[in-house]
There are 2 protein chains.
Amino acid sequence: MGSSSAARVQSALGRLLQRGTRMHLYDRVVDGVEGVDATLYPVLSGVARIGPVSATELAAVIGLDRTAATRYATRLESAGLMSRRPDAADARATLLELTPHGRKAVARMRGNLTRAINDILDEWQPAQAEQFAAALDDFVSRLESLA
Amino acid sequence: MGSSSAARVQSALGRLLQRGTRMHLYDRVVDGVEGVDATLYPVLSGVARIGPVSATELAAVIGLDRTAATRYATRLESAGLMSRRPDAADARATLLELTPHGRKAVARMRGNLTRAINDILDEWQPAQAEQFAAALDDFVSRLESLA
DNA sequence: TATTGTTATACTCTATAACTATA
DNA sequence: TATAGTTATAGAGTATAACAATA
């Protein structure tokens, strides 16, 4: 049945999702990156992943409200990390994209996160790390589609 | 080096910690449990795990502010799920513990979460699930102690 | 009529500061 | 003097509602 595995996953997941753990990790990721805090990070990272993108679509992807997305975009624009341009295909829409500074910030944040993760994975056998990465990826995908 | 594993873990972790994913999971967990929402769940669950416990110690464990812990405890007390009693060993302290209703609520929430996780793990080989559970547990522990 | 971007508004969460009681 | 609990207050995040422009 695997109930015992479920109990362990449940406990670990609970600790992982806890505010303190999350915030600490985010703080570490945005450390030394000007104009980005733990709140803005998912927004900037989302545009890096799927941009150029409209605020409405971005909001849906990163699980945020449309109005919050537009406000955070404004903050990132003020910080010179993001820019807006009209969508040639739809005059109602505005496309969000990264500026060169924004791309540099994302690269730095990803480096911070990769470093933190490698600090952990390096304690394991490479094969074990590989297996964990694949399993976690699959687990999260299934979790997202539980809907 | 395992950089490729790190990249996969990074991507999966990003999606997992995203607000939308987290809230959806929490909503699922508290579904049908009277008096508990996604905010109160970690508090109630924390007391179930380590109670009877003082508000200050609870706050430290679940990564919350002391003042928030005491306010949430009040809400849970009003809902009849938690109770306060003086600490015989220290007259300054108040111990938080679950009422019978609180214990029933926690059992129900854990059932919800275990069911959701088993929906995922059941797709895997038992040995693979077991290995993932152990790896995730270890990963989270190391993440917590990166400090 | 529906949708995009945006702003205004209200509500919730969280942290800081301050107060009281006890160690 | 330090610590536990609590309350008051302010700041930040988020959702709902409403508006103008375009589909």
Side-chain angles (χ1 to χ4, degrees), chain A residues 17-24 26-27 30 35-47 50-79 82-97, chain B residues 17-24 26-27 30 35-47 50-79 82-97:
Chain A
L17 295 182
Q18 221 148 61
R19 181 187 156 76
T21 311
R22 196 171 71 246
M23 284 313 181
H24 185 207
Y26 280 169
D27 284 344
V30 301
V36 187
D37 59 22
T39 308
L40 263 21
Y41 164 64
V43 179
L44 196 65
S45 170
V47 173
I50 62 171
V53 64
S54 71
T56 299
E57 190 186 339
L58 175 68
V61 169
I62 65 177
L64 219 68
D65 190 81
R66 218 174 44 153
T67 65
T70 204
R71 250 175 314 102
Y72 292 156
T74 300
R75 281 168 58 182
L76 287 164
E77 196 179 22
S78 300
M82 198 177 280
S83 62
R84 286 176 158 100
R85 66 172 167 85
D87 184 347
D90 186 338
R92 294 172 304 177
T94 300
L95 293 178
L96 303 171
E97 59 189 349
Chain B
L17 295 182
Q18 220 149 59
R19 181 188 158 77
T21 311
R22 196 172 71 244
M23 284 311 181
H24 185 206
Y26 280 171
D27 284 345
V30 302
V36 187
D37 58 24
T39 307
L40 263 22
Y41 164 66
V43 180
L44 197 63
S45 171
V47 174
I50 63 171
V53 65
S54 70
T56 297
E57 190 186 339
L58 175 67
V61 169
I62 66 177
L64 218 70
D65 189 81
R66 219 173 46 154
T67 65
T70 203
R71 251 175 312 102
Y72 292 156
T74 300
R75 281 168 59 182
L76 287 164
E77 195 179 23
S78 300
M82 198 177 279
S83 63
R84 284 177 159 100
R85 68 173 167 84
D87 183 347
D90 187 339
R92 294 172 303 178
T94 301
L95 293 177
L96 302 172
E97 59 190 348

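Throughout, a chain's letter reflects where its sequence line sits, starting with A, and its residues are numbered from 1. These numbers come from a predicted model, not from an experiment. All heavy atoms count here, side chains included; hydrogens, waters and symmetry mates do not.
- Interatomic distance, CD of E97(A) versus CZ of R85(A), reported as 4.5 Å (0.5 Å rounding).
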So which protein N/O to nucleotides 9-13 of chain C N/O distances come out below 3.5 Å?
residue, atom, partner, partner atom, Å
dC13(C), OP1, T39(B), OG1, 2.8
dC13(C), OP2, R75(B), NH1, 3.1

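- Within the nucleic acid shown, A55(B) comes within 4.0 Å of sugar-phosphate atoms alone, with no base atom in reach, counting heavy atoms only.
- Nearest heavy-atom pair across P52(B) and L95(B) is CB-CB, 4.2 Å.
- Of the candidates dA23(C), dG5(C), dT16(D), the closest approach to any side-chain atom of D65(A) belongs to dT16(D).
- Contacts of D87(A) with the nucleic acid, taken as non-hydrogen atoms under 4.0 Å apart, are absent.
- Considering only side-chain N and O atoms, T70(A) lies nowhere under 4.0 angstrom from the phosphate OP1 or OP2 of dG5(C).
- The backbone N or O of L17(B) lies less than 3.5 Å from no partner atom in the side chain of T21(B), so there is not a single donor-acceptor pair.
- Taking atom CG of D27(A) as the reference point, atom C1' of dT14(C) lies 14 Å away to the nearest angstrom.
- Residues L64(A) and D90(B) each lie close to DNA chain D; by heavy-atom proximity, the contact nearer the 5' end of the strand is made by D90(B).
- The phosphate of dT6(D) has OP1 or OP2 within less than 4.0 Å of a side-chain N or O from R84(B).
- For a distance-only test at 3.5 Å, the side chain of R66(B) qualifies as a donor-acceptor partner of the base of dT6(D).
- Residue contacts shown for A91(B) are limited to sugar-phosphate atoms, with no base heavy atom under 4.0 Å away.
- Of the candidates dT7(D), dG5(C), dT3(D), dT7(D) carries the atom nearest the T67(B) side chain, counting heavy atoms from C-beta on.
- One atom, CZ of R92(A), and another, P of dA21(D), lie 15 Å apart when rounded to the nearest Å.
- Both A73(B) and A89(A) sit near DNA chain D, but only A73(B) has its closest nucleotide nearer the 5' end.
- In this structure, the CE atom of M23(A) is 10 Å from the C1' atom of dT14(C), given to the nearest Å.
- Put simply, CZ on R84(B) and OG on S54(B) are 11.5 Å apart, with the number rounded to the nearest 0.5 Å.
- In this view, D87(B) satisfies the salt bridge (Lys or Arg N to Asp or Glu O under 4.0 Å) rule with no residue, not counting sequence neighbours.
- In this structure, T56(B) reaches the dG5(D) phosphate: one of its side-chain N or O atoms is under 4.0 Å from OP1 or OP2.
- Rounded to whole angstrom, the span from the CE atom of M82(A) across to the C1' atom of dG5(C) amounts to 15 Å.
- Across all non-hydrogen atoms, the minimal contact from V47(B) to L96(B) is CG1-O, 3.8 Å.
- With 3.5 Å as the limit, one finds no donor-acceptor pair spanning the side chains of T39(B) and R75(B).
- Nucleotide dA15(D) holds its P atom 11 Å from the CD1 atom of I62(A), rounded to whole Å.
- What separates CG of L58(B) from P of dT14(C) is a distance of 13 Å, to the nearest Å.
- Remark: P of dG5(C) and CD of E77(A) are 13 Å apart, rounded to the nearest angstrom.
- With hydrogens and angles ignored, the 3.5 Å screen pairs a side-chain donor or acceptor of T74(B) with a backbone N or O of T70(B).
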